[in-house]
Amino acid sequence: MKGVVFSLKKSDFARRNRRKITVSDLRYFFKRYGVMVMCVTLLFAGLIFGSAYAQNSTSSLLDSLDFLFTTNLDVRLSQNAAETFCACFASDFIFLFVVFLLGLAPWGIPMLLFVLFFKGFGTGLTAGYLYMAHSLKGVGFYLIVLLPGTFLFCMALSLFSTSAFYISKRMFFYTIGRNVPAQPLRKGVINFCSRSMSSLIMTFFSALLDVVLWTLFAGVFNF
């Protein structure tokens, strides 16, 4: 009985002393992670827009985007493991390389935001196309075969885009400013290049995961 009373008192004390989220906490969170939240939001917004646009897409548009996104299953299913890895890695590498160049440009932030939205748009377009063409079977194919590798790469792209945003911002203010910044750009560029290698490694494993899932499960779905 004493133990029950003690546990009740302890739970009441914990509830009373539970730290509430304040405005300063939110301000600190968005100050530290606001750019990351913005990158993820743009990807998610593009995903929604691409999924909604899939019903109005044409076969010519899907074929033209197949190099960047998986929109032509007939071609992809006929490839071997090496061709699948090259196709997945090449399409993801293009996005990383573009983000890398935009990060080193003072004017790169607007285009960087567009690249994130476009990646989300293509991802949503693929998901919407699979649902429109193959209904629940297409959804299952996307969730089992495509989504894990796509999620890993989008996580790498968001992290890398956050770093690109900050270095591009510094270069912009360095270009328009009259005073030399307190922290030299050289160190920031070196850190940015180091993070690009980390993102490239994550992209490699993303493509490798795509190959494994395509090899194991793609044949199960008869399209």
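In what follows, every heavy atom counts, from backbone to side chain, and hydrogens, waters and symmetry copies are set aside. If you're wondering where the values come from, they're calculated on a predicted model, not measured in any experiment.
In this structure, Phe192 has its ring center no closer than 6.0 Å to that of Tyr166. Aromatic rings of Trp214 and Phe85 (six-membered ring for Trp) have centroids beyond the 6.0 Å cut-off, not under it.
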task = Decide side-chain contact (heavy atoms from CB on, under 4.5 Å) for Met36 and Leu159; before the verdict, give the C-alpha distance in whole Å, the side-chain angles of both, and the deciding distance to 0.1 Å.
result = CA-CA 7 Å; Met36 169 64 74; Leu159 293 171; 2.9 Å; yes
request  = Verify side-chain contact (heavy atoms from CB on, under 4.5 Å) between Phe100 and Cys193, making sure each step is shown before the conclusion.
outcome  = CA-CA 8 Å; Phe100 178 79; Cys193 293; 4.1 Å; yes
request  = Decide side-chain contact (heavy atoms from CB on, under 4.5 Å) for Asp210 and Phe153; before the verdict, give the C-alpha distance in whole Å, the side-chain angles of both, and the deciding distance to 0.1 Å.
outcome  = CA-CA 10 Å; Asp210 281 334; Phe153 173 71; over 6 Å; no
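Here the side chains of Phe117 and Leu113 are not in contact, with every heavy-atom distance at 4.5 Å or above. A heavy-atom distance below 4.5 Å is not found between the side chains of Phe151 and Thr123. Counting heavy atoms from C-beta outward, Pro148 and Leu213 have side chains that approach closer than 4.5 Å. Taking the side chain as every heavy atom from C-beta outward, Met171 and Trp107 never approach each other to under 4.5 Å. Residues Thr126 and Leu130 are in side-chain contact: their nearest non-hydrogen atoms beyond the backbone lie under 4.5 Å apart. Proximity of Phe95 to Phe118: side-chain heavy atoms (C-beta onward) are separated by under 4.5 Å at one or more points. Counting heavy atoms from C-beta outward, Phe121 and Leu47 have side chains that stay 4.5 Å or more apart. Put simply, the side chain of Leu112 reaches to within 4.5 Å of the side chain of Val99, judged on heavy atoms.
Hydrophobic clustering, with ILVMFWY side chains joined whenever heavy atoms are under 4.5 angstrom apart, keeps Leu102 apart from Ile190. By the criterion of side-chain heavy atoms lying less than 4.5 angstrom apart, applied directly or through intervening Ile, Leu, Val, Met, Phe, Trp or Tyr residues, Phe165 is not grouped with Phe44; the two fall into different hydrophobic clusters. Under the 4.5 Å side-chain heavy-atom criterion for Ile, Leu, Val, Met, Phe, Trp and Tyr, Ile48 and Tyr129 are members of distinct hydrophobic clusters. Under the 4.5 Å side-chain heavy-atom criterion for ILVMFWY residues, a single connected hydrophobic cluster contains both Leu43 and Met38. Met202 and Phe93 fall within a single hydrophobic cluster, where Ile, Leu, Val, Met, Phe, Trp and Tyr side chains are chained together by heavy-atom contacts under 4.5 Å.
Nearest approach of Ser206 to Asp92, heavy atoms of both residues: OG-OD2, 4.0 Å. In terms of heavy atoms, Ala207 sits closest to Cys88 at CB-CB, 4.1 Å. Taking every heavy atom of both residues into account, Ala105 and Ser168 meet most closely at O-OG, 2.6 Å. The two residues Cys39 and Ser161 come nearest to each other via the heavy atoms SG-CB, 4.0 Å. For the pair Gly103 and Ile167, the tightest heavy-atom approach, listed with the atom from each and the gap, is O-CG2, 3.0 Å. The minimum heavy-atom distance linking Val115 with Val98 is given by the pair CG2-CG1, 3.8 Å.
Going from atom CG of Leu101 over to atom CE of Met111 covers 11.5 Å, rounded to the nearest 0.5 Å. Note that CZ of Phe173 and OG1 of Thr175 are 10.5 Å apart. Values are rounded to the nearest 0.5 Å. To the nearest 0.5 angstrom, Phe160 atom CZ is 9.0 Å from Thr203 atom OG1. In this structure, Thr150 OG1 and Leu209 CG are separated by 9.0 Å, a value rounded to the nearest 0.5 Å. The CG atom of Leu152 sits 11.5 Å away from atom CG of Leu157, with the distance rounded to the nearest 0.5 Å.
Proximity of a side-chain donor or acceptor of Ser135 to a complementary backbone N or O of Tyr131 within less than 3.5 Å is not detected.
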